[in-house]
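In what follows, a structure is listed as structure tokens, so that the remarks can point back to it.
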Amino acid sequence: MFELPKSKILRKQEFKKIYAQGKSFACRGIVIYVARIENLNGKIAFAAGKKLGCAVIRNRVKRLMREAYRLNQNKIRQDCAIIFVGRMALIDSKLDLAEKYLLEVCKRAKILAE
RNA sequence: CAGGAAACAGAAGCAGUCGCGGACAAAUUUUUGUUCGAGGAAAGUCCGAACUCCACAGAGCAGCGUGCCGGCUAACGACCGGUGAGAGUAAUCUUGAAGAUAGUGUCAUAGAAAAGGAAACUACCGAAAUUUUUUUCGGCAAAGGUGGAAAGGUGUGGUAAGAGCGCACCAGCUGUCGGGUAAUCGGCAGGCUUGACAAACCUCACGCGGAGCAAAGUUGAAUAGGAAAUUGUUGAGGUUGCUCGCUGACAUUUCGGGUAAACUGCAAAGACUUGGGCGGUAACGCUUUAAGCAAGAUAAAUGACUGCAAUAAACAGAAUUCGGCUUAUCGGUUUCCUGCCGG
């Protein structure tokens, strides 16, 4: 139950809708945009802006967030679409810290499963 | 032992658990298995090409690039060899190195004078005047002073004092002879001499059409766009900046849809890589003799954790593909040079 196939990742056109309609929540490591839109619920995406640094760093941040989501997805509700955006604090952190940030920000957004 | 330079190869592996992308196969409609899965710079986008479209690409002017000579290459501003210049005791290293006698221009401040051969502040020499002091006229450019640079340099003769004024050597220029494919080098002769800047304009030689894979093509829902023919306006837009030339907007008629997306381009294949043989000082070429090439996404795959001999590290992530250059950086190996100590 730890799989994360590609079909769950958002497409290019769908990003704008989430950014426009979603609500944002933040903590030290991660910002999330949450929206409830038909056909897109349950889908997720990971992003890292150019502020963070070069391509290697942005790749690493996205991989960290994806791994953290993959291991904890059963704790998160599947009836909404989420975009995870990495922040500076995530650059030097290991996996356990990334998981901590992810659960913290999800708790603030109240999308943790009961 | 310390420091410096150059070259070479590498940039992590194995096991377990979870996970991702492509291909193939099975099963069958969603799984299972096998296999492959970032770099030396993938980066910067600084050059050169392939490929695609625009007249398969045209003319003139403008503009841009290159700039010792020869070679090499698909091509190049890259690379190799040589020459000159510069640095160094040397090994060796560096080098944007055409033309200043085609012309125009610039050379601040200082200095008497900063560009055709001119000029004279102090000084030196001669003459005249004058009571010593000094003044005027003439000669000179050796010495001083200014400057990044003062109109060849050093020595000697010469002279009232001086001066290429004469001579010797050196540097440069012109001519000529010889070596070299050439840049250029060496010898001889001549008259004595011509500042620097072309990374100022410019001159000369050679080269350059433009846009780029978000190119371009195919299939294809709606709103609609496209193709062909004819006549006319003298004419939209495009083709590099301009002028030509080319193309043909719009109107009418006829045919009849082609935007979002998807697929192709796009990855097992070619200017390929390594080794052998042959040619060449080398860059490189020939040979087919041997071996090897298998990433291909589109919010974008190659990751996480644990363990194993070290703490696995630095710079850093493919996006149409090649040849170079530049920049970033980890730990090694080899060779050469320098310094110190010992023999």
Side-chain angles (χ1 to χ4, degrees):
Chain A
M1 205 41 224
F2 293 116
E3 293 167 357
L4 186 62
K6 198 101 179 245
S7 55
K8 289 193 73 172
I9 305 288
L10 286 163
R11 304 302 303 270
K12 195 171 180 178
Q13 298 294 322
E14 297 160 352
F15 263 71
K16 292 172 189 170
K17 293 184 188 172
I18 310 285
Y19 278 127
Q21 302 178 24
K23 293 182 177 177
S24 65
F25 303 90
C27 72
R28 226 174 96 75
I30 300 175
V31 179
I32 64 171
Y33 291 83
V34 183
R36 289 189 168 78
I37 299 173
E38 260 186 88
N39 303 325
L40 299 183
N41 288 341
K43 290 196 171 185
I44 45 128
F46 306 94
K50 281 199 173 172
K51 268 187 208 171
L52 298 182
C54 64
V56 171
I57 291 172
R58 294 203 305 273
N59 261 344
R60 170 164 176 78
V61 167
K62 283 199 274 186
R63 282 166 182 163
L64 260 178
M65 289 191 294
R66 198 174 59 194
E67 189 71 7
Y69 178 81
R70 188 176 71 79
L71 296 171
N72 295 286
Q73 57 183 311
N74 55 350
K75 300 177 188 168
I76 296 170
R77 284 161 62 170
Q78 299 294 311
D79 58 349
C80 53
I82 314 169
I83 296 178
F84 297 85
V85 181
R87 302 181 80 179
M88 297 295 277
L90 216 56
I91 291 174
D92 293 321
S93 55
K94 300 275 284 184
L95 179 64
D96 52 356
L97 193 61
E99 288 186 68
K100 210 175 114 191
Y101 285 140
L102 187 95
L103 292 174
E104 187 187 333
V105 75
C106 286
K107 191 178 172 187
R108 288 186 190 181
K110 297 175 182 172
I111 53 172
L112 287 178
E114 299 301 323

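Below, read A as the first sequence line, B as the second, and so on, with proteins coming before strands; counting in each chain starts at 1. Because only heavy atoms are used, hydrogens play no part in the values below, and waters and symmetry mates are left out as well, while side chains stay in.
If you take atom C1' in B/G4 and the same atom in B/U302, they sit 42 Å apart, rounded to whole Å. Between the P atoms of B/G116 and B/A98, the separation comes to 25 Å (whole Å). Rounded to whole Å, the C1' atom of B/A182 lies 45 Å from the corresponding atom of B/A215. Rounded to the nearest Å, the gap between the P atom of B/U154 and that of B/U122 is 26 Å. B/A216 and B/U29 are spaced 37 Å apart, taking the C1' atom of each and rounding to whole Å. Nucleotides B/G58 and B/A267 are separated by 38 Å at their C1' atoms, to the nearest Å.
Minimum atom distance to the side chain of A/Arg70 is reached by B/C18, of the listed B/C18, B/A301, B/A304. For A/Arg63, whose side chain is taken as the heavy atoms from C-beta onward, the closest listed nucleotide among B/A299, B/A38, B/C18 is B/A38. When distances run from any side-chain atom of A/Arg66 to the nucleotides B/G317, B/U302, B/A304, the shortest one goes to B/U302.
B/C79 and B/G71 make up a base pair, with Watson-Crick or G-U wobble contacts both under 3.5 Å. Base-pair partner of B/G292: B/C272 (Watson-Crick or G-U wobble, both distances under 3.5 Å).
A/Phe25 places a side-chain heavy atom less than 4.5 Å from the side chain of A/Lys23.
Rounded to an integer number of Å, the gap from CG of A/Leu71 to C1' of B/U17 is 12 Å.
If you check distances only, the side chain of A/Arg60 never reaches the base of B/G317 with a donor-acceptor pair under 3.5 Å.
Under 4.0 angstrom from either OP1 or OP2 of B/A300 there lies no side-chain N or O belonging to A/Arg58.
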